[in-house]
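Worksheet: the structure to be examined is printed underneath.
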Amino acid sequence: MNILLVGSGGREHALAWKIKQSPLVKRLVCAPGNPGMAGIAEIRDLKPTEVARQVMLAQEIAADLVVIGPEVAVEAGLADALEAAGIPCFGPTAAAGMLESSKAFTKAFCDRHHLPTSQYRICDTAEEAKAALSHFEPPYVVKADGLAAGKGVAIAPDRTAAEAAIDDAFSGHFGAAGARVVIEEYLEGEIGSLFALCDGKHSKLFGWAQDHKRVFDGDRGPNTGGMGTYSPAPVFTYDLIEQTRTLLAEPAFKGIAADGAPYRGVLFVELMATRHGPKLIEFNARFGDPETQVLMLRLESDLVPYLMACATGRLNELPDPVWRDEAAICVVLATEGYPGPAKAGSVIGGLDQDFGEGVVVFHAGTSAGPDGTVLAGAGRALNVCALGRDLAEARERAYGAVALIDWPEGFHRTDIGWRALGR
Ligand code: AMP
Ligand code: GLY
């Protein structure tokens, strides 16, 4: 098979790494890819949102399957264009992808199809949003409606901070994504990320993990796209998994199909495990980043048949995926300053070495510099991942590898996995 993988982050490097291990795959092309992916696949320099050019590339390489990594390509309608061209695609249409690209859409969807989530108000002006605060208790949750790379959410301890977050969203800080704001009830509990595949009709659970969204140790500082993950995560008891499947994932697939937009691809359910069961924080219409990194390390089954089955409506023909018993961890290394403004272009050294047993280093936002150097972007640049017999061993291996990387301009959290290890 020939596969085109769209995207350039750590998630896509992990997917490429796993796809490459499949005996079914003859040729893997990644667009745009990154220097890490260049070591294992062909890379072509075109953006995920260049829909027409991505379709042409798929045709040029006679792709049997296109795998969409990032949400921006979903929102741009890449799956729709591939469908029109008759090319099998793993990833939902723009209409089904509304489950991620509009939080207001998703709240109304949850009401319509009876999915548990927090109470909310959708507001089109700052005045309306400020008035809506009186329907809630602090801390206040203020969210930009559209895609904001995980940074469009403010948890405000008091009214003054909430009003500042509202003004920030309406001032154009998040571009068009902030033209509408959702104010919602703060949920108490522990957060988890659960993944489910769907082929438009049939669905299947596809792993779970826990992320660390805040930038600093101890879950302090602003939200990021994710600073580290581990799997399995003890928050996912058998009951929580079953409740999430039956109350959130399956109703979402049924609901979106009933709304006329059958879902093909992976649905990422971000949930709060509350005292009253799982409640939806948000859906994402793609794999998680950095959740995918730990899932790919733990996935024993061949990934490619699952991707293909979602694209072709044959997921019911496959068994449940098999996961390794070992634990996996991912530590994100980012440029100092992230998630605020950060300076791109610092040199990351020490990547060409043996990092020890069980360790895999994925590239996220990096680029190729002169003389074979690797340069960091202005955000999350590397994912140092490891497998171990248990989380403690995986963590020791990963942090041992982090210490070998020579990058003074980078930083990372030192406490990934603290919830599980503290139990
Ligand atoms: P989101 O971008 O919607 O995933 O939100 C980012 C982070 O904000 C989540 O991972 C949670 O830690 C937190 N968060 C979002 N919504 C809520 C909520 N209703 N209650 C408590 N925390 C929330
Ligand atoms: N790790 C969270 C996300 O991918 O949005």
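For this chain, numbers begin at 1 and follow the sequence in order. Start at 1 and go down the list; that is how both ligands and their atoms are numbered.
- Applying the 4.0 Å criterion to heavy atoms of Pro290 picks out, from ligand 2, the atoms 1 (N).
- Heavy-atom separations between Phe287 and ligand 2 are all 4.0 Å or longer.
- Under 3.5 Å, the side chains of Trp407 and Ser346 contain a donor-acceptor pair of N or O atoms.
- Ionic pairing of Asp415 and Arg413 is present here: one or more N-O contacts between side-chain nitrogen and carboxylate oxygen are shorter than 4.0 angstrom.
- Listed by number with element, the atoms of ligand 1 under 4.0 angstrom from any heavy atom of Leu187 are 18 (C), 19 (N), 20 (N), 21 (C).
- For the pair Asp211 and ligand 2, the shortest N or O to N or O distance falls below 3.5 Å.
- Using 4.0 Å as the threshold, Glu185 has a heavy atom nearer than that to some atom of ligand 1.
- Listed by number with element, the atoms of ligand 1 under 4.0 Å from a non-hydrogen atom of Glu184 are 16 (N), 17 (C), 18 (C), 19 (N).
- Of all atoms in ligand 2, listed by their number and element, those nearer than 4.0 Å to a heavy atom of Gly225 are 1 (N), 2 (C), 3 (C).
- Assignment of Glu188 to the shell around ligand 1 is not supported, since no heavy atom sits closer than 4.0 Å.
- Under a 4.0 Å criterion applied to the non-hydrogen atoms of Glu270, ligand 1 contributes the atoms 1 (P), 4 (O), 9 (C), 10 (O).
- Judged by distance alone, the side chains of Asp145 and Ser102 do bring a donor and an acceptor atom under 3.5 Å apart.
- Per-residue contacts place Lys103 under 4.0 angstrom from the following atoms of ligand 1 (heavy atoms of the residue considered): 2 (O), 3 (O).
- Considering backbone and side-chain N/O atoms, Glu282 never comes within less than 3.5 Å of an N/O atom of ligand 2.
- Using a 4.0 Å cut-off between heavy atoms, Ile191 contacts ligand 1 through its side chain alone, with no backbone atom that close.
- Of all atoms in ligand 2, listed by their number and element, those nearer than 4.0 Å to a heavy atom of Gly288 are 4 (O).
- Remark: ligand 1 atoms within the under-4.0 Å shell around heavy atoms of Lys143 are 3 (O), 15 (C), 16 (N).
- Phe362 and Trp17 have their aromatic ring centers within a separation under 6.0 angstrom.
- By the criterion of a heavy-atom distance under 4.0 Å, the side chain of Asn223, and not its backbone, is placed next to ligand 1.
- Looking at Tyr120 and Glu185, their side chains never bring a donor and an acceptor atom within 3.5 Å of each other.
- Here the side chain of Arg298 pairs a donor or acceptor atom with the backbone of Arg324 at under 3.5 angstrom.
- Closest to atom 13 (C) of ligand 1 by heavy atom, among Ile155, Thr117, Ile281, is Ile155.
- Counted by atom type alone, Lys107 and Ser118 present one or more donor-acceptor pairs between their side chains at under 3.5 Å.
- No hydrogens or angles considered: a donor-acceptor pair under 3.5 Å links the side chains of Asp302 and Ser22.
- Aromatic ring centres of Phe283 and Phe268 lie farther apart than the 6.0 Å criterion allows.
- Between Lys213 and ligand 1, no pair of N/O atoms sits closer than 3.5 Å.
- Looking at Asp217 and Thr414, their side chains do bring a donor and an acceptor atom within 3.5 Å of each other.
- The proximity of Glu291 to ligand 2, defined as any non-hydrogen pair under 4.0 Å, is limited to the side chain.
- Across His212, Glu291, Gln210, a single residue satisfies side chain to side chain donor-acceptor pair (under 3.5 Å) together with Tyr230, and that is Gln210.
- Every atom of ligand 2 is numbered from 1 in the order shown, and the set under 4.0 Å from a heavy atom of Phe268 is 2 (C), 3 (C), 4 (O), 5 (O).
- Within a 6.0 Å sphere centred on CD of Glu300, other residues, nucleotides and ligands contribute more than 12 heavy atoms.
- Considering backbone and side-chain N/O atoms, Tyr186 never comes within less than 3.5 Å of an N/O atom of ligand 1.
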Take Ile191 and Glu270 through the test side chain to side chain contact (heavy atoms under 4.5 Å, CB included) and record every step on the way to the result.
CA-CA 7 Å; Ile191 290 230; Glu270 186 184 356; 3.8 Å; yes
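- At least one heavy atom of Arg286 sits less than 4.0 Å from an atom of ligand 2.
- Residue-ligand proximity: Met272 is placed with a non-hydrogen atom under 4.0 Å from ligand 1.
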